[in-house]
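Note that the structure is predicted; figures quoted are calculated from it, not measured.
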Amino acid sequence: MQPVPSTSVPAPAGGSARTTAPPPHPVTDRVREALALTRRGCEELLPEADWLAKLARSEATGVPLRIKLGLDPTAPDIHVGHTVVLNKMRQLQDLGHTVIFLIGDFTSMIGDPSGRNATRPPLTREQIEANAETYFAQAGLVLDRSRTEIRYNSEWSDPLGARGMIQLASRYTLARMLERDDFTKRFRAGTPISIHELLYPLMQGYDSVALKSDLELGGTDQKFNLLVGRALQQEYGQEPQCILTMPLLEGLDGVEKMSKSKGNYIGITEDANTMFAKTMSIGDPQMWRWYTLLSFRPEAEIARLRAEVDGGRNPMDAKVMLAREITARFHSAAAADAAEADFRLRAAGGVPEDIPEVALAGAPLAIGALLKQAGLVPSTSEAMRMIEQGGVRIDGAPVSDKALKVAAGTCVVQVGKRRFARVTLRA
């Protein structure tokens, strides 16, 4: 399928091309509330006046708006950093609008150049399909699956062919493409820019044409791509989408963007105890940013809670509330209760009930070998380091002797705050 004139842009189910500006509609209190909810925690809403007009039209006509989020399945798992935009999608979904969860199986083969100072290696079709299998299952922990439209951009991108791709490329200029900060820096530095990278913003923008989106969401690093979609919709005679960018969530270290490669993440499929404990590990100042971007609590309630902490309330109380909310969302309220109890027990030096049972032979066994064989440390050198730091206990007593040999019998061994094992050692 080639890109077609604006008078006959193919319309997906539930959408239709619009070629003229809609008439103005009254801005009611409900519309103002919807605007406030849209703006909560966002970095930019562009153009805000256009989004207000779209909300007013939807309120007056009863026709829901089409809200698009595209994610390339570049990894098999989603972490809570990804849910910043998913949370916003759910909020808009709860207002009655149509949300479109777009899996970029086609664009993944190109590789998004956003924030890159070198060409991103394209994924194979097999890698993409394997990752895509789990993407919506995980996103469905945030979105209402029954009210979510799931699409793959290969639906309209694969049929374009060479002729269609050339015609699409004719609708955007190289000068505008090089306005992108990533490309400008690489061009000036003499860093290679592959031609296929220039196609990525075009193909993401063409997604907005195919889906006739009214609003597209993305992280702050996606602003250029979202604006390309707006420009292409105008080229095809459609009412241009608005764009909403959300901040990139810092990870557990409070510095770097949350990322699996940096190890500073909370995966949304991690067990409840780990999720709760990781949330409790973030810094007190960082907690309020997480409240803004991850919590569904009303802003007024969060403001009152922050005022109470500023007034002397223990910040741990607020952090526990945040950890419970996040854990309950991806597990259950009962799981959050159990995770809190487990966290408090560990913090008090107690022994959890569900620790692994390990049977070993060779008593008496050197403490380093015992810790490694019990799966509590990856190596004996790490065992020695933990002993030096005072992080190893046997039946609650600290271990300071790196030459210790443990006799036959059963004991509870602890490494750090979270790693436990009940070890039965035989001769």
Side-chain angles (χ1 to χ4, degrees), residues 75-77 79-80 134 251-253 259-283 316 319-320 323-324 326-328 330-427:
D77 297 309
H79 55 62
V80 296
T134 61
L252 301 176
D253 55 9
S259 167
K260 290 199 71 174
S261 63
K262 294 182 174 65
N264 63 351
Y265 71 100
I266 301 176
I268 66 172
T269 57
E270 290 194 80
D271 66 85
N273 289 358
T274 300
M275 185 174 289
F276 190 97
K278 281 187 174 184
T279 304
M280 292 299 297
S281 74
I282 65 175
M316 183 176 175
K319 200 177 297 183
V320 166
R324 286 180 57 84
I326 292 173
T327 304
F330 299 110
H331 294 280
S332 67
D337 289 342
E340 180 183 354
D342 178 81
F343 176 82
R344 292 187 184 278
L345 181 64
R346 291 172 189 260
V351 179
E353 295 181 0
D354 58 343
I355 64 174
E357 304 274 350
V358 180
L360 300 176
L365 187 63
I367 181 64
L370 184 149
L371 296 178
K372 180 181 178 182
Q373 291 179 34
L376 294 170
V377 293
S379 64
T380 53
S381 60
E382 174 66 7
M384 297 299 105
R385 187 180 71 82
M386 293 301 297
I387 292 171
E388 288 175 357
Q389 295 177 354
V392 177
R393 291 175 177 268
I394 295 180
D395 289 335
V399 174
S400 58
D401 182 6
K402 294 189 287 187
L404 174 70
K405 289 185 179 294
V406 182
T410 299
C411 59
V412 174
V413 184
Q414 177 182 356
V415 176
K417 293 182 178 180
R418 302 178 187 170
R419 286 171 282 175
F420 291 83
R422 183 170 284 103
V423 179
T424 298
L425 186 59
R426 298 183 178 86

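Considering all non-hydrogen atoms of both residues, Ser379 and Lys372 come closest at CA-CD, 4.1 Å. Contact record, Ala339 with Asn273: CA-OD1, 3.2 Å, taken as the closest heavy-atom pair. Residues Gly283 and Lys319 share a closest heavy-atom pair of C-NZ, 4.0 Å. Between Leu360 and Ala374 the shortest heavy-atom distance is CD1-N, 4.3 Å. The shortest heavy-atom contact between Phe343 and Met316 is CE2-CE, 3.8 Å. Shown here for Met275 and Gly267, the closest heavy-atom pair between the two residues is CE-O, 3.3 Å.
Under the salt bridge (charged side-chain N to carboxylate O under 4.0 Å, His left out) criterion, Asp271 pairs with no residue at all, not counting sequence neighbours.
Remark: Leu365 CG to Leu370 CG distance equals 5.0 Å, nearest 0.5 Å. Glu382 contributes atom CD, which lies 10.5 Å from atom CD1 of Ile387 (distance to the nearest 0.5 angstrom). Taken to the nearest 0.5 Å, the OG1 atom of Thr279 stands 4.5 Å off from the CD1 atom of Ile326. In this structure, Ile355 CD1 and Arg422 CZ are separated by 4.0 Å, a value rounded to the nearest 0.5 Å. Taking CZ from Arg393 and CZ from Phe420, the interatomic distance works out to 9.5 Å, rounded to the nearest 0.5 Å.
Contact annotation: the side chain of Ile266 never approaches that of His79 to less than 4.5 Å [non-hydrogen atoms, C-beta and beyond]. Phe276 has its side chain out of reach of Asp342: every pair of non-hydrogen atoms, C-beta onward, lies at least 4.5 Å apart. Looking only at side-chain heavy atoms (C-beta outward), Ile394 and Ile367 come within less than 4.5 Å of each other. The closest side-chain heavy-atom distance from Met386 to Leu371 is not below 4.5 Å. Arg324 is listed as a side-chain neighbour of Asp337, based on a closest heavy-atom distance under 4.5 Å.
Checked by atom type and distance alone, the side chain of Gln373 never pairs as donor or acceptor with a backbone atom of Gly375 at under 3.5 Å.
Look at Glu388 and Arg385 and you find no salt bridge, because none of the NZ, NE, NH1 or NH2 atoms lies under 4.0 Å from a carboxylate O.
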message: Determine whether Val320 and Met280 satisfy the following criterion, side-chain contact (heavy atoms from CB on, under 4.5 Å), listing intermediate values before the conclusion.
response: CA-CA 7 Å; Val320 166; Met280 292 299 297; 3.7 Å; yes
